[in-house]
Enquirer: 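Provided herewith is a single structure, encoded as structure tokens, for subsequent inquiry.
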Amino acid sequence: MTAAAVELTPRLRTWSAFRRNPLGVASAIVLVLLALVAVCAPLIAPFPEGYGADTSQPPSAAHWFGTDDIGQDVFAQVVWGTRVSMAVGVSASVLAIVIGLLIGVSAAYFRRLDTPLGVLVDLSLSLPVLPLMILVAALAGPSVRTLAVVIALFSWPEVARVVRSQAIAIVPMPFVSAAKVVGGSSLWIVRKHLLPGVIPVVGVSVVLTTSRAVLAEAGLSFLGLGDPNSWSWGTILHKAQQSGALATAWWTTLFPSLAILLLVVSTTLLSVAYNDARDHRNSS
Amino acid sequence: MRRGVLLAALAALTLSAACAPSVPGSSGSSGGQQPAPSDRLTIGTTADVLNYNPLVGNSRTDSWVTNLMYPHLTQMDMTGKRVPYLATEWSYAEDGKSATVRLRDDMKWSDGKPVTADDVVFSVMTVKKENFGVVAGLITALDEAVAVSPTEVRFDLTRPDGTFLDNVGFWLPVVPKHVFEKAPSVQKFANDSDWVSAGPFKLTKVERGQRYVMERVDGFGPGTPAVKEVVFRVFPDVNTEVLALRNGEIDVIGNVLPPATAAELKNDPSVKQEQIPSLGWAHLQYNVKRKPLDDVRVRQALAHAVDYEAIRNIALKGYAKSSNSSVLTPSLPEWADPASKEYTFDPALSKQLLAQAGVSDLSLSMIYDQADPNIARWAPMVRDSAKQAGITIKLQGLERNTYVDKSLKHDFDIYAGSWAIMDNPPANLGLAFKTGGYINYGQVSDPKLDALIDQAQKALSVEEAKPPIQEAARLIRDQVYDNVLYVETFNVAHNTKWTGFKPMPSELLSIVNPLSLAAAKPAG
């Protein structure tokens with residue numbers, strides 16, 4: 001109704017609404033900074049390995065985040081942890097989105113597939129995710145790749161469900177019927193009409209799935225299923241817990257936890273801000 | 001049940017009240033209700049008792065509880081030498097084909113019947129017949145056990161075996177024949193109620209997931225225990241146990257403290273730590289059937305690429321001793337070989353050895369149990385020091401069952417682990433290094449080593465067994481069939497309110513062994 005009245009493209013309007021939300025902008029900046037830290041880790045701190053004489057030192061000028069029980073710098077661990085945590089988060093989320101999109105769109109467009117795929121999604125959603133993740137990760141052996149795949153395998157159903165509900169509203173639209181009438185192939189219709197319609201929800205999904213994947217990675221690594229050859233925030237927590245110094249060496253747990261908190265809060269705020277900005281009915 | 005919980009809550013309340021600074025004018029504890037602290041010794045553990053049948057059970061908590069109920073023939077002193085418990089004297093015949101054990105005559109089962117030679121014979125013969133548990137693998141030489149008199153047992157052996165008495169004495173719990181023989185299969189007998197026991201304490205109440213209450217046995221042979229009641233309380237992990245100890249909720253932490261916790265608790269005046277030597281050792285084993293690990297120079301290169309000192313000082317916080325790269329550890333001074341020298345940490349020498357062997361770009365994977373906190377801490381240190389010698393080690397921290405499975409199937413390049421209890425070198429080296437031995441993970445097969453171990457096992461005294469076993473240990477060191485990193489010094493914490501514990505080696509015995517708990521008494 002209102003769409004016809006305003007000349008601005010929807011994308012520009014969303015952008016201008018988003019810019020006016022300070023929380024959203026701040027979150028975006030935090031995420032960009034975290035991404036920068038992940039990419040530039042080698043420039044910021046040396047890879048944490050080996051061992052030193054300064055064990056379990058509280059934060060100081062030499063060691064900003066203190067040192068752990070074998071004398072490694074916690075700051076370096078957190079910096080390098082950002083890399084693995086975000087890499088696992090992003091790749092797991094991309095994988096989950098691809099699977100979710102495929103299944104969601106097919107369920108909406110090919111009506112005959114709707115029921116079986118719906119059952120599959122419901123089934124996957126009702127699985128006890130954590131124990132299964134632990135089982136699969138334990139059987140497959142700990143590595144960064146395993147973690148990403150395992151997390152993706154258990155995160156796609158939510159994406160699929162969101163995509164399907166959005167797509168199912170588009171399928172009966174006149175322009176889809178028109179495309180069918182002029183003889184467009186299913187693939188072409190899905191590509192040209194269905195996908196553009198669901199991309200905005202997917203945008204939000206990407207961000208949220210990433211943050212969930214980062215949390216899942218931290219959880220699995222904390223349980224000792226992380227890759228022992230690399231550092232992630234969960235691995236730092238796991239090592240802190242294992243050293244038995246949780247109660248005294250607070251710096252070994254505080255900083256990685258803060259990093260996780262920062263990432264999850266900013267992704268959540270970002271997606272909320274984006275959603276609000278996209279919903280033009282609210283922006284006066 | 002409910003009353004028990006209430007009582008525990010009440011005890012906790014009064015205890016915390018005792019710890020809190022007293023408020024003037026509110027003399028609440030008007031006598032009477034507070035249980036005398038000397039009446040109960042509470043021990044923290046991290047697991048429930050899963051098996052009450054001492055012949056089967058093998059978890060640590062299982063052993064701690066059942067050890068207080070079922071006597072063994074012997075215990076050991078701090079140097080690993082056997083000391084009397086149910087047995088007073090033991091010896092081999094001249095030809096080594098039989099062994100005789102004399103028993104105390106003052107031990108009674110809790111139903112009033114005496115503990116006799118028949119019970120010992122029944123216990124050992126049942127294990128042999130049904131072939132189960134740890135003991136079965138250690139008594140392969142046994143032919144027949146005979147009760148010569150109520151206080152004398154004779155073991156007839158098929159071959160001279162100088163390890164037999166040590167093994168049977170230490171590992172075999174003696175169970176009441178008149179109770180266990182009623183079970184169609186002793187191996188499957190749960191023994192989970194109406195216990196008939198003969199140790200210093202008897203199990204009277206079980207609250208799964210909460211606590212196990214054991215009452216003192218008056219007239220216990222070696223001396224009536226000073227403390228009336230021993231309670232095992234179940235906690236989720238060592239961290240919570242430490243908090244409980246500091247709050248005065250428990251008196252002893254059964255589990256070994258992680259080195260970092262031990263270092264931190266050192267400054268707490270209300271906690272005393274007993275240093276308990278480990279009977280095992282932490283080590284790296286190389287799969288000698290895999291190329292290029294079949295070349296002794298490659299194994300030596302690996303041995304020179306480990307910073308042993310750093311592992312002991314940093315990962316173990318100094319709570320570990322060097323074993324001089326020998327499988328005869330300082331915990332058993334009777335056997336140890338003072339001439340053995342530890343491999344030096346020398347990456348340059350490693351590189352040289354690798355070059356001699358014609359190996360370049362050596363890349364190996366190393367498996368370990370991700371849940372073992374000590375190993376998880378030093379595994380990356382092994383990787384990083386090897387890197388200095390140009391060797392790439394890829395860590396594979398595995399979930400425990402996968403790890404055990406891979407070890408038994410010899411599916412690894414390097415195995416990082418630790419052995420818990422190696423109390424008798426001739427017997428244990430046989431299991432670990434003889435061709436086809438049950439825990440010979442590295443697939444060592446060396447006829448010379450086999451012969452030396454056989455010779456040591458036949459010897460009937462330490463003096464006689466020592467030369468061949470020391471030579472075997474030197475062979476194991478020089479050929480790097482095993483790379484011994486350290487022998488851990490366990491720290492077991494208890495409240496300073498208690499004293500008189502009799503520490504024994506290994507975490508199985510430590511200060512919660514029956515003779516120690518029977519001797520424990522309130523301080524001051």
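Residue numbers begin at 1 in each chain, while the letters A, B, ... track the order of the sequences.
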Enquirer: Inspect the surroundings of NZ in B:Lys266 and state if more than 12 heavy atoms from other residues, nucleotides or ligands are less than 6.0 Å away.
Expert: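 12 or below, so no.
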Enquirer: Name the member of B:Ser385, B:Gly397, B:Pro380 that forms the most heavy-atom pairs with chain A at distances under 4.5 Å.
Expert: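 The option with the most such pairs is B:Gly397.
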Enquirer: Between side-chain atoms of residues 260-267 of chain A and protein atoms elsewhere (two or more places apart, or another chain), which donor-acceptor pairs fall under 3.5 Å?
Expert:
residue	atom	partner	partner atom	Å
A:Ser266	OG	A:Leu262	O	2.6
A:Ser266	OG	A:Leu263	O	3.2
A:Thr267	OG1	A:Leu263	O	2.9
A:Thr267	OG1	A:Val264	O	2.7

Enquirer: Examine whether an atom of B:Ala262 lies under 4.5 Å from a heavy atom of chain A, and if so say whether it belongs to the side chain, the backbone or both; otherwise answer neither.
Expert: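 Neither the backbone nor the side chain of B:Ala262 comes within 4.5 Å of chain A.
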Enquirer: Looking at A:Trp64, I want to see if its CH2 is surrounded by more than 12 non-hydrogen atoms of other residues, nucleotides or ligands under 6.0 Å.
Expert: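 For A:Trp64, atom CH2 is not crowded (no more than 12 foreign heavy atoms under 6.0 Å).
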Enquirer: For residues 209-237 of chain A, give me every residue with a non-hydrogen atom less than 4.5 Å from any non-hydrogen atom of chain B.
Expert: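 Within residues 209-237 of chain A, the residues that come under 4.5 Å of chain B (heavy atoms only) are A:Gly224, A:Pro228, A:Asn229.
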Enquirer: Let me know if B:Leu398 has heavy atoms under 4.5 Å from chain A in its side chain, its backbone, both or neither.
Expert: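 For B:Leu398, side-chain heavy atoms alone lie under 4.5 Å from chain A.
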Enquirer: Please determine, among B:Val242, B:Ile314, B:Leu257, the option with the most heavy-atom pairs under 4.5 Å with chain A.
Expert: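 Result: the option with the highest number of such pairs is B:Ile314.
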Enquirer: For chain A, which residues of residues 302-309 of chain B have at least one non-hydrogen atom nearer than 4.5 Å to it?
Expert: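 At a heavy-atom separation under 4.5 Å, chain A is reached by B:Asp307.
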Enquirer: Quick one: salt bridge (charged side-chain N to carboxylate O under 4.0 Å, His left out) pairs with a partner in residues 46-65 of chain A, sequence neighbours left out?
Expert: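 The answer is A:Glu49-B:Lys387.
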Enquirer: What are the two closest heavy atoms between A:Gln241 and B:Asp237, and how far apart are they?
Expert: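 Where A:Gln241 meets B:Asp237 most closely, the heavy atoms are NE2-OD2, 4.1 Å.
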Enquirer: List the steps and the verdict of side chain to side chain contact (heavy atoms under 4.5 Å, CB included) for B:Lys317 and A:Asp69.
Expert: CA-CA 9 Å; B:Lys317 299 266 176 261; A:Asp69 62 314; 4.0 Å; yes
Enquirer: Counting only heavy atoms closer than 4.5 Å, note whether B:Tyr403 contacts chain A via side chain, backbone, both or neither.
Expert: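 It is neither, since no heavy atom gets under 4.5 Å.
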